[in-house]
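Have a look at the structure below before the remarks.
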There are 2 protein chains.
Amino acid sequence: METDTRSRILAAAEDLFVQHGLDATTLRMITTAAHANLAAVNYHFGSKEALIETVFRRRLTWLNDQRIAALDALEAEAKGAPLKPRQIVESYFGVAIRLAASSPGGRTFMRLLGRTYTEPSEFVRSFLAEEYAEVIARYKAAFFKALPDVPQEEFLWRFHFMMGALSYAVSGVDALRLLGPVDESDPEALYTRLMSFLIGGLRAPLPEIQSQAVRKPRAKRATPDRASD
Amino acid sequence: METDTRSRILAAAEDLFVQHGLDATTLRMITTAAHANLAAVNYHFGSKEALIETVFRRRLTWLNDQRIAALDALEAEAKGAPLKPRQIVESYFGVAIRLAASSPGGRTFMRLLGRTYTEPSEFVRSFLAEEYAEVIARYKAAFFKALPDVPQEEFLWRFHFMMGALSYAVSGVDALRLLGPVDESDPEALYTRLMSFLIGGLRAPLPEIQSQAVRKPRAKRATPDRASD
DNA sequence: GTCAGTTTCAAACAAATGTTTTAATGGTGA
DNA sequence: TCACCATTAAAACATTTGTTTGAAACTGAC
């Protein structure tokens, strides 16, 4: 082996986590794959949870730093003017796709991350929230400024939907395989496809949300947008 | 307790699975919550895996039967003509949202299902694929007929993205909470919001996918669609 | 060569898991 | 009342889990 034990463990863990999930991956699987002794994980990281946190934080801080840097650059160029929604979407989701495309390890990690957004484990959620706090705040502000006509609640949902689409885009494989054979090998094409979809969804006509108290229970659903369908 | 042991176990399992995940939920947690003996799971279901499968199949077959029935109704009415994309989207994703809205148990299950699409466990994937095979085939055919101008590969990705958005829409909570306080209490509003987004994404301008072999490595990304942004 | 500090190793640890076993319980019809 | 059945109950089962231990091996500085 070329690298040191610590690095080999990190790589093996990342790989096995995405294959089998966090819980189902045992320390014995990791240390075997890393050609290390079982005790090495506890020696180098302290515990399995600490290893998981290290695996995530290592790449996630880098990812979100990239996002913030991209936003900084856009806002510097705009000199106070609102950004175009497309620019913001591209910088937020583009960074993720590019990480997935950059290296086998990056792709593995993005698949892992996509799966872990919905991870119920408490300690994972807590450091995930911590890692995302700043970047979410920055992008929310940028979007609100760029889309002053879109109600904030509506936008938050759309952002949420977009994150779901991204998650499936990078982690997809399994669910996608249900649909039939598709080509997942070209990240540039995936990027282009996802952007089209996201922008289309983000800029879709605003639905008329009736207040829950007023609406009649079994009323036929109104379809106010895009009458041409 | 009102109901019999088997039903109490099913309800408790569904509830705990969505809270803690499949692996992290132990039989002891389930049987305690269900006020049953530990051995009851193996007596009534045979194994933990069989219990999981029962929990999913019970609601999933119903869900997909509803989808197929909805499609049957639409196609009967259309008398051979292609359906409108919006109709198909509404029948597929609307059924899911409606199940989530119909009862606390339905909502719990949809959250569980959203989380489990990305479940790496082999046996879960296998029976999920089995449950989805027919409904996916039917809807693929309907979509291809409704959108003859959209390349099939492009559509499959968009369908995949839509499933990601749905997954986050129903299972979301945690990831959504990162974004800030939103109202998740009104399923009708969620339905309307999601539909707008999905239709917007589905009908977005087609991206120009350059063949991977031809494209230059670091070429600036072309943004052929929606020049107005 | 020696020695302190770091890393690796094999072995064992307690705790928790799904499952099985064996007996007890409760109801139903003969 | 008895025998039969399905269900429940308590206890023990073998495995597997993450973690700890204590000694061996290695490393670099003096």
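Order of the sequence lines fixes the chain letters, A, B, ..., with proteins taken first and strands second; residue numbering starts at 1 for each chain.
- If you measure from atom CG of Asp23(A) to atom P of dT17(D), you get 11 Å, rounded to the nearest angstrom.
- With sequence neighbours excluded, the residues satisfying side chain to side chain contact (heavy atoms under 4.5 Å, CB included) with Thr5(B) are Arg8(B), Ile9(B), Ala36(B), Ala40(B), His44(B).
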Check nucleotides 22-29 of chain C for protein N or O atoms closer than 3.5 Å to its own N or O atoms and list the pairs.
none

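- Residue Thr31(A) is out of contact with every strand shown, counting any heavy-atom pair closer than 4.0 Å.
- Cation-pi geometry between Arg67(A) and Tyr92(A) is satisfied (NZ or CZ under 6.0 Å from the ring centre, within 45° of the ring normal).
- With sequence neighbours excluded, the residues that form a side chain to side chain contact (heavy atoms under 4.5 Å, CB included) with Thr26(A) are Arg28(A), Met29(A).
- The residue among Ala40(A) and Arg28(A) whose nearest nucleotide of DNA chain C is located toward the 5' end is Ala40(A).
- Residue pairs that meet the side-chain hydrogen bond (donor to acceptor under 3.5 Å, both in side chains) test with at least one member in residues 131-144 of chain A, sequence neighbours left out, are Arg57(A)-Glu131(A), Asp72(A)-Arg138(A), Glu75(A)-Arg138(A), Ser91(A)-Tyr139(A), Tyr117(A)-Tyr132(A).
- Counting any heavy atom pair closer than 4.0 Å across all strands shown, Ala39(A) reaches a base atom.
- Residues meeting the side-chain hydrogen bond (donor to acceptor under 3.5 Å, both in side chains) test with Ser7(B), sequence neighbours left out: Asp4(B).
- With sequence neighbours left out, Thr54(B) forms a side chain to side chain contact (heavy atoms under 4.5 Å, CB included) with Arg6(B), Leu10(B), Phe45(B).
- In this structure, the CZ atom of Arg6(B) is 12 Å from the P atom of dT8(D), given to the nearest Å.
- Considering only the side chain of Asn42(B), dT19(C) comes nearest among dT8(C), dT19(C), dG18(D).
- If you measure from atom CG of Asn37(A) to atom P of dT8(C), you get 9 Å, rounded to the nearest angstrom.
- Summarising the geometry, the separation between CD1 on Ile30(B) and C1' on dG18(C) is reported as 11 Å, rounded to the nearest angstrom.
- Between the CD1 atom of Ile9(B) and the C1' atom of dT7(D) there is a distance of 11 Å, given to the nearest Å.
- Distance, Arg8(B) CZ to dT7(D) P: 13 Å, rounded to whole Å.
- No side-chain heavy atom of Gln87(B) sits less than 4.5 Å from a side-chain heavy atom of Glu90(B).
- OP1 or OP2 of dT8(D) sits under 4.0 Å from a side-chain N or O of Thr5(B).
- Contacts between residues 43-54 of chain B and DNA chain D, defined by a heavy-atom separation under 4.0 Å, are made by Tyr43(B), His44(B).
- For Ala101(A), the side chain to side chain contact (heavy atoms under 4.5 Å, CB included) partners are Pro187(A), not counting sequence neighbours.
- The ring pair (Phe, Tyr, Trp, His ring centres under 6.0 Å) test applied to Phe144(A) returns Phe155(A), not counting sequence neighbours.
- Along DNA chain D, the nucleotide nearest to Leu38(B) and the one nearest to Val41(A) differ in position, and the one closer to the 5' end is contacted by Leu38(B).
- For the pair Leu27(A) CG and dG18(D) C1', the interatomic distance rounds to 6 Å; values are reported in whole Å.
- Here dG18(D) is the nucleotide among dC9(C), dT8(D), dG18(D) with the atom lying nearest to any side-chain atom of Thr26(A).
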